[in-house]
Every structure is written in structure tokens, then in C-alpha cells.
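Atoms within each ligand, like the ligands themselves, are counted from 1 in listed order. All figures in this text were calculated on a predicted structure; none of them were measured in a lab. Just so you know, these numbers use all the heavy atoms, side chains as well, and skip hydrogens, waters and symmetry mates.
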Amino acid sequence: MVDLKLISENLISGKAAKVKELVQQALSEGIEPSKILKEGLIAGMDTVGVKFKAGEFYIPEVLIAARAMHSGMEILKPQLIKSGAKSSGRFAVGTVKGDVHDIGKNLVAMMMEGAGFEVLDLGTDVSSDKFVDAVKNKNIEVLGMSSLLTTTMPMMKETIDALAANGLKGKVKTIIGGAPVTQNYADEIGADAYSTDAASAVDKVKALLK
Ligand code: B1M
């Protein structure tokens, strides 16, 4: 029997091909897909989050681990869908209109996926209308917005106002982040949460859904 810890360890060290092989082996040995996800892939990404927060891992290590996570997920996803594994929640994320910076946003998306959320990545330069559409039509529980420019931060307020105007303000929770964004700004515009980094964003989103 594959030890699921081996999947975590290989994910943490970014060995994508090995993770893929071990996930395949675990499935063929009849281990439940949701168990492989939780005790292999998610457990590994959790450790990556802890190491990133502690300053032991930098962005390249996180991206390499996330790639390994994706390679395992490729194999696991169809099986998870078949077995009806419950996701942690539905999360959409995008970089706001006028802003094309996406490295931080992608990290947030990867960490959320690693924590078992279904993630809808809306990309960059996302208008408030597009954010509202996603919330309305894709059954989103938490909406994340990223902004790296002081000039595009007001788009976060515009989106939160647009959610309110569409009667969605209490129905969807919002979380914002990006280098120039602060907790004060989140409070000022009525965002439900603010996070300094991608790993903490996972904890904040989980807290929002409690
Ligand atoms: Co731009 N850029 N850039 N840039 N760029 C900055 C942001 C800048 C600080 C550089 C500087 O002047 N010192 C400055 C902004 C100044 C300001 O407004 N305060 C700047 C500027 C001015 C510009 C242009 C206007 C330059 C020009 O054309 N004159 C232009 C704007 C383009 C546009 O968006 N319309 C521009 C363009 C670009 C590139 C395209 C060349 C490239 C982006 C490539 C890409 O993303 N695909 C780029 C880059 C790479 C940077 C820097 C160097 C690095 C940004 C980055 O990826 N950091 C940046 C300077 C810097 O930050 N040192 C700079 C790594 C990333 C992991 O961090 O995105 O902060 P970050 O994400 C963090 C946290 O913020 C948080 O989690 C991550 C860590 O875990 N986080 C969230 C982010 N989003 C979150 C969402 C959450 C929660 C947490 O919840 C939803």
C-alpha cells in the first residue's frame, strides 16, 4: 500500500512526476480518492503554506509544489467527481480591472485549490460586472480580489458596491489582498477579510465560511 505521507513529501519537494505516479498507484490499490486528496495532496500543500509563512519557503518553491499538486490533481479530479467528494467551498478570484499583475493572485488560487476548494480563476483585468456575474451564475461562496496598483485599488470598492447593488453583499463573502492593500482599506470599503499572503488567505477564507 502506498503511504500517503510519501505523496505529501514528494509534493513538498516539488516532484511532480513522482506525485502523479504515487497518486495513480494509490488509486489502483483502491484507496479512496478523497483520502488521497486530504491525506496526500492537501496535507502536503498545508505544510507548504506553513513553510511559506515561516519564511522557510519562497515563491519559487511554492510554485514548484503547486505544479506537483496540479499533476496529482489531474489524475485525481475525474475520480473525485465520480465519487462525489465534497469540496471545502466555492471560491472565485481575479485581479481587478486595469491591473494585469497575476503572480500573487495565482498563488492564492493554487493555495485555495490545495486546501480543497473549487476555484474559479477569473484572470486579470476583471471588471466589477464580471465579478458580479461570476457570483450570480457560478454559486460562489467567497470572492477574492487582488490589486497591485494604488490606481486600481478603487476597483475593489466598485466591485463591493456592485455586489451590494445586486443584492449579493450578504450572500457572498469577500476577501482582498495585494501589496498596496491594507486591513484599514478592507474595513473602509466593507470587504469581509484582508490577507497579507496566499497561505493566510486560506485560513481567512475558512474562517469566513465557519
Ligand atoms: Co508592476 N508594479 N507594473 N509589473 N510590478 C509593481 C506592483 C510596483 C510596486 C513596482 C514599483 O514601482 N516599485 C508598481 C506599483 C506602484 C503602485 O501602484 N503602488 C508597479 C507598476 C507601477 C507597474 C506598471 C504601471 C509599470 C508601467 O507600465 N509603467 C505596469 C502596470 C500594468 C498593469 O497592471 N496595468 C506594471 C507591469 C508589470 C509587469 C507586467 C511587467 C509585471 C507583472 C507580471 C505578472 O504579474 N504576470 C510586473 C511586476 C512583476 C511587478 C513587481 C516587480 C512584482 C509583483 C509580483 O508579482 N510580486 C512589483 C514590485 C514588487 O512588488 N516588488 C510591481 C510577487 C507576488 C507573489 O506578490 O502580487 O504582492 P504579490 O502577492 C502577494 C501578496 O500581495 C498577497 O499574496 C502574495 C504572497 O503570498 N496577495 C493576496 C496578492 N493578491 C492577493 C489576494 C488575496 C490575498 C492575498 O485575496 C484575494
Find all atoms of ligand 1 within a distance of less than 4.0 Å from any non-hydrogen atom belonging to [X], and give their numbers and elements.
X    : value
D99  : 34 (O)
F52  : 80 (O)
I59  : 67 (C)
V108 : 82 (C), 85 (C), 86 (C), 87 (C), 88 (C), 89 (C)
L107 : 67 (C)
G144 : 91 (C)
I175 : 90 (O), 91 (C)
S195 : 88 (C), 89 (C)

Quick one: does [atom] have a protein heavy atom under 4.0 Å from it?
atom                    : value
atom 13 (N) of ligand 1 : no
atom 52 (C) of ligand 1 : no
atom 77 (O) of ligand 1 : yes
atom 27 (C) of ligand 1 : no
atom 82 (C) of ligand 1 : yes
atom 70 (O) of ligand 1 : yes
atom 44 (C) of ligand 1 : no
atom 37 (C) of ligand 1 : yes

Considering non-hydrogen atoms only, spot the tightest contact between [X] and [Y] and give its length.
X    : Y    : value
T174 : A191 : OG1-CA, 3.4 Å
S195 : I175 : CB-CD1, 4.0 Å
E74  : K20  : OE1-NZ, 3.4 Å
S71  : A16  : OG-O, 3.0 Å

Where the closest heavy atom to [atom] is concerned, which of [options] has it?
atom                    : options               : value
atom 79 (C) of ligand 1 : A191, A198, G94, A193 : A198
atom 91 (C) of ligand 1 : M112, K204, M145      : M145
atom 66 (C) of ligand 1 : A92, S147, A201, G104 : G104
atom 56 (C) of ligand 1 : V100, I103, V205, T95 : I103

Who pairs with [X] by side chain to side chain donor-acceptor pair (under 3.5 Å), at least two apart in sequence or on another chain?
X    : value
D133 : none
K136 : N166
T196 : none

If you measure from each heavy atom of G178 to ligand 1, is any distance below 4.0 Å? yes

Within the structure, does [X] bring an N/O atom to less than 3.5 angstrom of an N/O atom in ligand 1?
X    : answer
G98  : yes
S146 : yes
T150 : yes
D102 : yes

Identify, for atom 85 (C) of ligand 1, the protein heavy atom at the shortest distance, and state residue, atom and that distance. G177 C, 3.5 Å

Which residue and non-hydrogen atom of the protein lie closest to atom 74 (C) of ligand 1, and at what distance in Å? T196 O, 3.3 Å

Applying side chain to side chain contact (heavy atoms under 4.5 Å, CB included), run through R90 and L120 and close with a yes or a no. CA-CA 8 Å; R90 288 181 63 81; L120 174 64; 5.8 Å; no

Take atom NZ of K18 as the centre, draw a 6.0 Å sphere, and report whether it contains more than 12 heavy atoms from other residues, nucleotides or ligands. no

Please examine the side chains of M73 and M69, heavy atoms only from C-beta on, and report whether any two atoms are closer than 4.5 Å. yes

Non-hydrogen side-chain atoms of N106 and D121 separated by less than 4.5 Å: yes

Run the numbers on V181 and M156 for side chain to side chain contact (heavy atoms under 4.5 Å, CB included), then give the verdict. CA-CA 10 Å; V181 181; M156 294 176 155; 4.0 Å; yes

Check the pair F131 / L122 against side chain to side chain contact (heavy atoms under 4.5 Å, CB included), numbers first and verdict last. CA-CA 8 Å; F131 278 121; L122 298 167; 3.7 Å; yes

Once you restrict to heavy atoms under 4.0 Å, what part of T152 touches ligand 1? Side chain, backbone, both or neither. neither

Between atom CG of L208 and atom NZ of K206, what is the distance when rounded to the nearest 0.5 Å? 12.5 Å

Could you grab the distance from atom CG of L143 to atom CD1 of I176, nearest 0.5 Å is fine? 11.0 Å

Only residue of D99, D125, T95 satisfying side-chain hydrogen bond (donor to acceptor under 3.5 Å, both in side chains) with T152 is D99

Counting only N and O atoms by type, is there a donor-acceptor contact under 3.5 Å from the side chain of S128 to the main-chain atoms of I160? no

Begin with the C-alpha distance, continue with both residues' side-chain angles, and end with the deciding distance and a verdict on side chain to side chain contact (heavy atoms under 4.5 Å, CB included) for M112 and V202. CA-CA 6 Å; M112 293 297 295; V202 172; 3.8 Å; yes

Side chains of Q183 and D187: do they bring a donor and an acceptor to under 3.5 Å? yes

Under 2.8 Å from atom 1 (Co) of ligand 1, which protein atoms of type N, O or S occur, listed by chain and number? H101 NE2

Any salt bridge between K53 and D203, counting N to O under 4.0 Å? yes

